[in-house]
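This chain uses plain numbering: 1 for the first residue, then up along the sequence.
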Amino acid sequence: MSKIGIMGGTFDPIHNGHLALADAAYHEFSLDRICFMPTGNPPHKEGKHVLDANLRLQMVELTIADYPYFECSDLEIQRKGKTYTADTLTWLCNANPNDQFYYIVGADSLDYMDRWYQPSIIFQKATILAAMRNTQSLDRVISVKQMLEKTYNGTIYLMNCPEIDVSSSEIRSLVANHQTISGKVPSKVEQFIYDHALYV
């Protein structure tokens, strides 16, 4: 049995915060590997411009190339229609019945996970690893965690993860305003963004 972490997200673009979160989850929970899974048609981004999925996938592949315990999947990109975490985890569990899955999120996601598509399936199929932010109240996060665990009979672990103050929206804004993104994204991704004139 393998313990596999799942890093889902739009990754528009992937940045050093994503990388630090995945690396922390891998080491803290002794995972065998972590799979980065860019979303294809994320429902929460409906009405917003999202970079072409294959470009986002290429940036993820560049990012993880030097990490033997990271891999990338185009499963959600290849799926037609909207991309839901519950469907992805169901497919993964059916295809890999002997593996154990850990879904990695920011702890702020816990506030609205009960409004995700079929949350009961998500908690049934995977253990949730949630990374705290410095601005969050530990008491509040623990309260939400306990409520979700009780409601969905799930398991949530809070991660000890160094917080890197960076977001994809910030990077897009910096590029659009011709400001540097050095140190916020992996150097290969930085070069890819400039070479393909993305976000300008």
Side-chain angles (χ1 to χ4, degrees), residues 3-39 42-45 48 50 56 60 63-64 67 69-70 73 76 83-90 92-93 100-173 183-186:
K3 297 168 63 177
I4 303 171
I6 302 296
M7 275 283 292
T10 313
F11 300 123
D12 190 18
I14 190 169
H15 54 66
N16 288 340
H18 294 131
L19 201 57
L21 177 56
D23 202 53
Y26 172 80
H27 288 98
E28 186 175 347
F29 293 92
S30 301
L31 304 182
D32 292 295
R33 62 185 185 277
I34 289 183
C35 181
F36 286 75
M37 196 170 288
T39 55
H44 64 289
K45 298 286 186 178
K48 299 179 181 179
V50 177
R56 292 185 283 111
V60 173
T63 296
I64 68 171
Y67 293 81
Y69 46 88
F70 288 168
S73 169
E76 293 197 340
T83 306
Y84 294 107
T85 301
D87 293 340
T88 297
L89 289 173
T90 296
L92 288 170
C93 289
Q100 186 174 358
F101 292 94
Y102 295 77
Y103 195 76
I104 304 164
V105 299
D108 52 327
S109 294
L110 299 181
D111 285 334
Y112 48 87
M113 280 191 79
D114 60 340
R115 299 193 294 276
W116 286 17
Y117 176 73
Q118 296 188 330
S120 58
I121 291 179
I122 296 172
F123 285 98
Q124 174 193 345
K125 302 295 184 182
T127 297
I128 306 300
L129 305 182
M132 288 282 296
R133 288 186 177 274
N134 293 336
T135 54
Q136 289 178 294
S137 161
L138 178 59
D139 288 343
R140 170 171 167 70
V141 171
I142 290 175
S143 176
V144 174
K145 167 186 178 299
Q146 291 173 338
M147 180 274 291
L148 290 171
E149 289 177 323
K150 182 177 180 180
T151 302
Y152 299 107
N153 193 30
T155 302
I156 302 170
Y157 292 114
L158 300 181
M159 290 175 51
N160 296 313
C161 177
E163 184 172 343
I164 295 180
D165 186 20
V166 61
S167 69
S168 295
S169 59
E170 176 195 3
I171 292 164
R172 295 194 300 269
S173 178
K184 296 180 182 293
V185 298

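Going from atom CE of M113 over to atom CD1 of I128 covers 4.0 Å, rounded to the nearest 0.5 Å. In this structure, the separation between CD1 on I121 and OG1 on T88 is 11.5 Å, given to the nearest 0.5 Å. Atom SG of C161 sits about 12.5 Å away from atom NE2 of H27, to the nearest 0.5 Å. For the atom pair OG of S167 and NE2 of H15, the computed distance is 6.0 Å after rounding to the nearest 0.5 Å. If you take CG on L31 and OH on Y102, they are separated by 6.5 Å, rounding to the nearest 0.5 Å. Taken from CG in L129 to CZ in F29, the straight-line distance is 5.0 Å, to the nearest 0.5 Å.
When the ring-ring contact (aromatic ring centres under 6.0 Å, His included) test is applied to F123, the partners found at least two apart in sequence or on another chain are Y152. For Y26, the ring-ring contact (aromatic ring centres under 6.0 Å, His included) test picks out Y69, with sequence neighbours left out.
Y67 places a side-chain heavy atom less than 4.5 Å from the side chain of L19. Taking the side chain as every heavy atom from C-beta outward, Y117 and I122 never approach each other to under 4.5 Å. Annotation: side chain of L92 is in contact with side chain of M37 (closest heavy-atom distance under 4.5 Å). Taking the side chain as every heavy atom from C-beta outward, L21 and M159 approach each other to under 4.5 Å. Using a 4.5 Å heavy-atom threshold, the side chains of V50 and T10 count as touching. A 4.5 Å side-chain heavy-atom check between F11 and H18 finds at least one atom pair inside the cut-off.
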Can you give each donor-acceptor pair under 3.5 Å made by side-chain atoms of residues 139-147, sequence neighbours left out, with the distance rounded to 0.1 Å?
residue	atom	partner	partner atom	Å
R140	NH2	D111	OD1	2.9
K145	NZ	E149	OE1	3.1
K145	NZ	E149	OE2	3.1
K145	NZ	I156	O	3.4

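D32 places a side-chain N or O within 3.5 Å of a backbone atom of K3 that can act as its donor or acceptor partner.
In this structure, E170 and D165 approach most closely via the heavy-atom pair OE1-O, 3.9 Å. What you find for W116 and P119 is that their closest heavy atoms are O-CD, 3.0 Å. For the pair N160 and E28, the tightest heavy-atom approach, listed with the atom from each and the gap, is N-OE1, 2.9 Å. Of all heavy-atom pairs between R56 and D12, the closest is CD-CB, 3.8 Å. Residues D108 and Y112 share a closest heavy-atom pair of O-CE2, 3.5 Å. Of all non-hydrogen atoms in M132 and L138, the two that sit nearest each other are CE-CA, 3.9 Å.
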